[in-house]
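The next block holds one structure in the form of C-alpha cells; read it before the comments.
Every chain is numbered from 1 and lettered A, B, ... according to where its sequence line falls, protein lines coming before strand lines.
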Amino acid sequence: MNGPAIRIDNLSRDFGPIKALDKLSLEVPSGSIFGFLGPNGSGKTTTIHLLLGLLEPTGGRAEVLGFDTQKHGDAVRARTGALLEHAGLYEQMTAEENLEFHGRINRLGAGERQSRMKELLGQFDLWERRRERIVKWSRGMKQKLAIARALLHRPSLVFLDEPTAGLDVVAAAAVRDDLATLAAGEGVTFFLTTHNMAEAEKLCRRVAVIRQGRLLAVGHPDELRARTNGPRVEVVGRGFSREALDLLRSRPEVSAVESQDNRLSIHLRRAGEVAPLVRLLVNAGAEVEEVLKDKASLEEVFLKLMEEEK
Amino acid sequence: MISDIGTVIWRERKTLFRYRGSRLRTVLSVLVPVVLVAVYFPWQVEDWADSYASLFSAVVPMMMVLLTVPDSFAGERERHTLGTLLSTRLPDRAILFGKLVVSVGLGFWMMLGVLALALVTANTAHWDGQVHFYSATVLLVDLGFGLLLAALIAGAGVLISLRASTVQEAQQLLGVTVMTPPMVLGLVALLLRERIADLVEGVGATSAVLIVMAALAAAAAGLVTAAAARFRRARLILD
C-alpha cells in the first residue's frame, strides 16, 4: 500500500457530556509500528473502536487501508487484525481450535489454516501445546496466542491495545521481542496503544501522544525529545568553577548548565560534538573523570507533555 | 452469509456445555421434563400417540433454549470475548443466527428424541398387540409447537441476555420472563374455562391448536426481529 495505513481527520466521539475523542487528526504510515500513547482514559481504546468501525464517530472521519470506517467497516475488519483490551480467547477451546475459528472466519482454506497455524504457533513456541485447552495457560501464553490469532489471516494492519498490560517483566519482554520480529518479517503495520514508554521507545518508529481525547504531539521519538528536551551531556569530575560554567553558558549550542556536587548537566540545543565543551572545561582548570551523552527518555517527554497540557 | 453462520455454529458447538457448572446444571434442568414427558405422561395417557397430550414435549426445547441462549450471548460478554468477536469480519446477523440455530436446533433434536422415547413408553405401557405411531397431524403440531416456543424464548433470551452482565443474571431474568405468561394465561384459562371449552368445541381441537401456533409464530417473529435490530455492533460495543 502506497498511502498511509490510517488517515484520521478531525475525528470526535462524545459519550454524553464526555468528549472521549476531540477532533483527532493523524496519519499512520504503512509498514511500521506506530505507538499511540496516553494515560488511562485518554481515548486510546475509543480510537481503536472507531477505526474498526465498531463505533460511530460524533464528528470527523477516518480511513483505514483506504476504506471509510463508517461506510465500509466490514471491509476494514476483513483486512485488519485486532488484539483488544482483553485477549478475547475461548478458554474452553484448545489453542488450535481458537485459531481454527478465526481461520474459518477469514475464510482461509483448510491447508492454509494449518500451515499458517504451524508457522505462527511455532514462532511463539506454542506449537507443542496446541491441543491443550488454554484455560490453564499463563497470561503471557494467552497473549501470544491472541497476537497469533490477530496475524493469522495476514492482515495489512494490526491493532494491539496494550499487548503487554498485566504481563510480568519476562513475558512482556518476550512479547515485545516477538512483535519486533513479526513487524520486520511480515511487513505489517502495527497500531499499538500503550502507556508503557519503554515499550514504545523500543518498538515504535513514530508515536502520537494523546490526553483527554486530544492529540498533544506526534512524530519520531527523537523529534518529540527535541521538541520538549534537547540532548544532554553529563560530566563527572572536580573543580567546576563559576568562570568555567559561565564560559559554557556563553556557547551557542548550550541552552542550560546545572551543577550539583561533582556532576555537571549540560543541556544542548541540538545534538553535536561534545569534545569542544570538555576541552573548554579542562582549559578552565576542571578535572574531568567521565562524560556521558544522554538523551531524555520517552517517559520524560511524555510526562513533560502531560505537564504542559495541565 | 450462510458460510459465516456455519462458522458461528462450528464455534458454538465446540464450547456447548464446556463451561464450568453448565453441564451439570443442564443435565439436572433437562432431566425432570424429559422423565415427565418421555416416561410419566405416556405411561398415564392411554392414547398418547393420537392425542395432543404429547404437546407437553415442547417443554424440552424450551428448557434447552432457556439454558443455552443466556450462556451463548451473555456469556460472550462475561468471558470478555464479545469485543474480539465484533472486531472480525463476521456480519452481525451471522453471529446472531448462528448462535440461535445452535440453541434452537439442539432443543429441537432433543424433542425428537423425547418424542421417540415417549412412543416406546406408550407402546410398552399400553401394548395391544400392535405398534402405535404418532398421527401425522399430532407429530407436525408437536414439532411446530416445540420449534415456535423455542424460537419465541430464544428471541426473548437474546434481548434479555444483551442487557444482562452475567450468564446467571440472564438465566434468572429469562426464567421469570418465560414463566410469567403461562401463569397468567393459566389463571385466565381457569377463570374462563367454560367459555374456552365452548370456543374449542366450536372451532375443533386442531383449529384451536393452529390458532395458538399462529399467535406463537407472530410473537416469535416479532421477538427475533427485535433481537436482530438490537444485535448491532455499534450498540453492543457500548453495553
Side-chain angles (χ1 to χ4, degrees), chain A residues 13 15-16 20 45-46 48-57 69-70 72-94 96-108 113 133-135 142 145-146 149-150 152-153 155 158-161, chain B residues 1-26 68 71-99 102 162 165-167 231-239:
Chain A
R13 172 70 204 203
F15 294 109
T45 300
T46 301
I48 288 187
H49 286 169
L50 286 163
L51 292 177
L52 281 167
L54 301 178
L55 270 179
E56 286 169 14
T69 55
Q70 265 186 288
H72 306 292
D74 47 354
V76 170
R77 289 188 291 274
R79 289 162 177 79
T80 56
L83 165 57
L84 303 180
E85 52 196 320
H86 298 287
L89 297 162
Y90 294 94
E91 303 220 326
Q92 293 298 338
M93 281 167 46
T94 65
E96 200 170 37
E97 286 170 343
N98 268 286
L99 293 189
E100 166 124 28
F101 176 48
H102 280 265
R104 283 170 183 255
I105 286 176
N106 291 294
R107 296 182 178 166
L108 301 182
R113 268 201 311 263
R133 285 193 197 174
I134 61 165
V135 65
K142 287 178 191 169
L145 180 63
R149 179 200 60 205
L152 188 73
H153 57 296
V158 178
F159 293 99
L160 299 173
D161 195 359
Chain B
M1 181 75 159
I2 298 294
S3 127
D4 291 334
I5 291 175
T7 299
V8 177
I9 291 172
W10 180 89
R11 216 282 306 153
E12 287 290 313
R13 284 180 54 226
K14 286 279 172 193
T15 53
L16 205 63
F17 308 132
R18 271 195 197 174
Y19 285 96
R20 193 173 40 175
S22 67
R23 196 175 305 186
L24 182 66
R25 196 167 59 228
T26 306
T68 52
D71 194 69
S72 178
F73 287 87
E76 292 273 5
R77 185 185 310 288
E78 190 178 339
R79 295 186 276 266
H80 302 299
T81 49
L82 183 64
T84 301
L85 187 64
L86 298 177
S87 73
T88 66
R89 52 162 295 286
L90 283 175
D92 299 344
R93 295 281 163 94
I95 299 173
L96 174 72
F97 289 116
K99 285 172 174 287
V102 171
L162 293 181
S165 51
T166 63
V167 175
F231 198 88
R232 291 189 187 283
R233 278 179 163 79
R235 294 187 69 175
L236 292 171
I237 205 80
L238 291 172
D239 289 337

Item to complete: Might you point out which heavy atoms bring B/Thr81 and A/Leu89 nearest each other, and give the distance in Å?
Response: CG2-O, 3.3 Å
From [atom1] ([X]) to [atom2] ([Y]), nearest 0.5 Å:
X: A/Tyr90; Y: B/Leu85; atom1: OH; atom2: CG; value: 4.5 Å
X: A/His86; Y: B/Thr84; atom1: NE2; atom2: OG1; value: 9.0 Å
X: A/Glu56; Y: B/Arg233; atom1: CD; atom2: CZ; value: 12.5 Å
X: B/Thr15; Y: A/Glu91; atom1: OG1; atom2: CD; value: 12.0 Å
X: B/Asp4; Y: A/Arg107; atom1: CG; atom2: CZ; value: 4.5 Å
X: A/Phe101; Y: B/Glu12; atom1: CZ; atom2: CD; value: 8.0 Å

[X]: side-chain hydrogen bond (donor to acceptor under 3.5 Å, both in side chains) partners, not counting sequence neighbours:
X: B/Thr166; value: none
X: A/Arg104; value: A/Glu100
X: B/Arg232; value: none

Worksheet entry | chain B interface, residue from A/Asp74, A/Leu54, A/Leu52 that has the most non-hydrogen pairs under 4.5 Å | A/Leu54
With a 4.5 angstrom heavy-atom cut-off, is it the side chain or the backbone of [X] that approaches chain B, or both, or neither?
X: A/His102; result: side chain
X: A/Asn98; result: neither
X: A/Ala75; result: neither
X: A/Arg79; result: neither

Worksheet entry | Criterion salt bridge (charged side-chain N to carboxylate O under 4.0 Å, His left out) against A/Glu97, the qualifying member of B/Lys14, B/Arg11, B/Arg13 | B/Lys14
Practice prompt. Sort out for me which residue in A/Leu84, A/Ile48, A/Val76 forms a side-chain contact (heavy atoms from CB on, under 4.5 Å) with B/Ser87.
Written response: A/Leu84
Worksheet item: How would you list, in number order, the residues of residues 88-99 of chain B that have a heavy atom less than 4.5 Å from chain A?
Response: B/Thr88, B/Arg89, B/Leu90
Item to complete: With the side chain counted from C-beta on, respond yes when B/Arg79 and A/Gln92 share a heavy-atom pair under 4.5 Å apart, and no when they do not.
Response: no
